[in-house]
Amino acid sequence: MKQYQLVCSVCGTPIYEEPPCRCPKCHAPAEPLIDVLEDPERSRSVIEGGCNKVVWDYADLLPVEGAVPVTLGEGNTPLLKADRLGEEYGFGSLWLKNETLNPTSTYKDRFAAVALTIEKDRGARAVALGSAGNAANAVAAFATKAGLKCFVFLPPGAVAERGFQIRSYGAQLLRCEYTTADCNAMAEECEKIYGWKSLGTIMIGNPLACEGYKTMGYEIGKQLGFRAPDWIVVPTGGGALFSKVFKAFEDMKKLGMIDKLPHMVSAQAEGCSPFVDAWERDLDEAEDWPTIPDTCAFAIADVIPFDSRKVIDIYRKTGGRAVSATDPEIITAMQELARREAVIAEPSSACAFAVAKKLRAKGVIGPDESVVCVLTGSGLRDLRLFAEYQTDPVPYFARPDFDLIRPTIDAYLAK
Ligand SMILES: *Cc1c(COP(=O)(O)O)cnc(C)c1O
Ligand SMILES: [Zn+2]
């Protein structure tokens, strides 16, 4: 496979360090040097031609040249126009990028496809990672497809269903205290001791594989006919997804395919919101969250905001910001997405819509503006959380006699 030069994602300085790959000058995370302007015609045709198949439509803009793709049909997810919720809350237009439809039910498959393609090409035997659950499922699935062993460290906050899914793919699950960051540190020990690549989904750890997330931004561009939305709201944990969605729009802007950059907004849970803290205090880098996170949006409750230097640079460049939602606001948003738009999104994803609503209510998002909320992962593994609020009893009939059933149906119709 081709070797890629790493450069600083903010100032462009070449980076030669092993992970953690940070800029010696400004501390921002690394990215591979893939310049869309090197062959603008080619780049344009790749981005225009996307959305037919999968992530691999964009192989020319990913750091995988010369490798055989490991794929499960990831990407190419729908961009749904949310007319019911859009009208209800007074949005000019509201769009939902439905990433729940990926093979393992989250957008992390875009990372895992690239990561396992690289690891298989390198002849790796196994991979390891610490995760809140979604990255682990994506990596476990693609490792299985590639024929590699996979070791997963999960912290106590990860819901049991994530673990069941991981074990279903045949990966070795290990439960470990305390946080996702601690679990990541254990995977890094595996890398030192056994030489297995630690596949944490952060730019400073895996700058090449994180490029897979760009494909989501290219897809949104194409799905909107290359008219950039006014706002994009992205659930943010460590910041890799946020940074790469932006990078896709930056690429399309450089190529003259769109005429402006969207305002980029990070959505976080109030119970773990280091980016909101950093934005409000106008810091260049976010500080670690001081406590073990307390929120149902566990997938974005990263106590160490690894790639924050880049994320904060993007707020400044796009007039963006970080905004948090409380757990009750997140759960309401989750229920509304299911009941009005028929998308079962997990709490971390519903957080994006909860935040969009708040910004619209305050008038930060104007009445004629377009907004894309990225629904990063499926709530089908969180049905117990939905069930907690389904307190009205399910009608039960001891006999299949329609005269007994009819009054119940009429009462429901009258509601
Ligand atoms: C991983 C994840 C995110 C964002 O993570 P980053 O670390 O910011 O890239 C958002 N939503 C869900 C559901 C996730 O699993
Ligand atoms: Zn730099």
Side-chain angles (χ1 to χ4, degrees), residues 6-15 17 21-31 97-100 102 104-112 129-139 157-159 162 180-181 184 199-206 209-214 216 233-247 264-269 272-275 284-286 295-311 313-314 322 330 334 344-353 355 373-382:
L6 294 180
V7 294
C8 173
S9 59
V10 170
C11 77
T13 301
I15 295 176
E17 279 90 278
C21 311
R22 285 190 189 279
C23 176
K25 285 195 188 144
C26 78
H27 214 237
E31 65 182 21
K97 181 64 171 163
N98 186 5
E99 288 290 303
T100 74
N102 276 297
T104 76
S105 81
T106 77
Y107 80 96
K108 292 267 185 351
D109 291 338
R110 297 178 190 266
F111 170 97
L129 78 162
S131 159
N134 289 337
N137 271 300
V139 168
V159 294
R162 302 289 192 286
T180 305
N184 247 314
L199 289 180
T201 51
I202 51 180
M203 288 169 73
I204 58 165
N206 286 288
C210 283
E211 288 283 293
Y213 296 152
K214 284 189 307 191
M216 189 201 295
V233 187
V234 183
T236 303
L241 173 64
F242 182 89
S243 302
K244 296 301 177 179
V245 170
F246 170 74
K247 189 175 180 191
M264 297 288 305
V265 176
S266 284
Q268 294 213 290
C272 182
S273 46
F275 283 101
D284 292 336
E285 254 181 280
T295 170
C296 64
F298 193 68
I300 50 171
D302 295 53
V303 292
I304 307 182
F306 288 103
D307 298 322
S308 71
R309 177 73 182 79
K310 174 68 180 171
V311 171
D313 186 61
I314 295 169
I330 289 170
M334 190 176 83
I344 302 216
E346 69 173 272
S348 299
S349 309
C351 186
F353 176 56
V355 159
C373 291
V374 179
L375 301 184
T376 41
S378 170
L380 286 177
R381 291 118 358 123
D382 302 282

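Atoms within each ligand, like the ligands themselves, are counted from 1 in listed order.
S105 and S378 share no donor-acceptor pair across their side chains, judged by distance under 3.5 Å alone.
The Zn ion (ligand 2) does not have H27 among its coordinating residues (no N/O/S atom, backbone or side chain, under 2.8 Å).
Counting heavy atoms closer than 4.0 Å to ligand 1, residue N134 contributes side-chain atoms (C-beta onward) but none from N, CA, C or O.
At a 3.5 angstrom cut-off on N or O pairs, G237 counts as close to ligand 1. For ligand 1, the polar-atom distance check finds no N/O of F242 at less than 3.5 Å from any of the ligand's N/O atoms. Residue contacts with ligand 1: D302 is placed with no nitrogen or oxygen under 3.5 Å of a nitrogen or oxygen of the ligand (distance criterion only).
The protein non-hydrogen atom at the shortest distance from atom 7 (O) of ligand 1 is G238 N, 2.8 Å. The closest protein non-hydrogen atom to atom 13 (C) of ligand 1 is T376 OG1, 3.2 Å. The protein heavy atom nearest to atom 3 (C) of ligand 1 is Y107 OH, 3.2 Å. Looking only at protein heavy atoms, the nearest one to atom 14 (C) of ligand 1 is K108 NZ, 3.0 Å.
Between Y107 and N134 the shortest side-chain heavy-atom distance does not fall below 4.5 Å. Residues C210 and F111 form a side-chain contact, since some pair of their non-hydrogen atoms from C-beta on lies under 4.5 Å apart. Between P347 and D382, some side-chain heavy-atom pair lies under the 4.5 Å cut-off.
N98 places a side-chain N or O within donor-acceptor distance of the main-chain N or O of T100, the cut-off being under 3.5 Å. Without hydrogens or angle criteria, D302 side chain to T180 main chain gives no donor-acceptor distance under 3.5 Å. Proximity of a side-chain donor or acceptor of S349 to a complementary backbone N or O of G377 within less than 3.5 Å is detected.
Seen from the Zn ion (ligand 2), atom SG of C23 and atom SG of C26 lie 110° apart in angle, a value rounded to 10°. Remark: at the Zn ion (ligand 2), atom SG from C8 and atom SG from C11 enclose 110°, rounded to the nearest 10 degrees.
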Q) Please walk me through it: do F242 and D307 pass side-chain contact (heavy atoms from CB on, under 4.5 Å)? A) CA-CA 10 Å; F242 182 89; D307 298 322; over 6 Å; no
**Q.** Worked verdict on I330 versus C296 for side-chain contact (heavy atoms from CB on, under 4.5 Å)
**A.** CA-CA 8 Å; I330 289 170; C296 64; 4.2 Å; yes
Q.
Before you tell me yes or no, could you show the steps for R110 and K244 under side-chain contact (heavy atoms from CB on, under 4.5 Å), namely the whole-Å CA-CA distance, both residues' side-chain angles and the distance that decides it to 0.1 Å?
A. CA-CA 11 Å; R110 297 178 190 266; K244 296 301 177 179; over 6 Å; no
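For ligand 1 and E346, the ligand atoms under 4.0 Å from any heavy atom of the residue are 13 (C). Counting the atoms of ligand 1 from 1 in the order shown, those under 4.0 Å from a heavy atom of P235 are 4 (C), 10 (C), 11 (N). Near A299, with a cut-off below 4.0 Å to any heavy atom, the atoms of ligand 1 are 2 (C), 12 (C), 13 (C), 14 (C), 15 (O). Using a 4.0 Å cut-off to heavy atoms of T236, the atoms of ligand 1 that qualify are 8 (O).
When the options T106, L241, N102 are evaluated for a side-chain contact (heavy atoms from CB on, under 4.5 Å) with T376, the one that passes is L241.
Around atom 9 (O) of ligand 1, the closest heavy atom drawn from I300, L241, T201 belongs to L241.
Taking a 4.0 Å cut-off on heavy atoms, T106 fails to register as neighbouring ligand 1.
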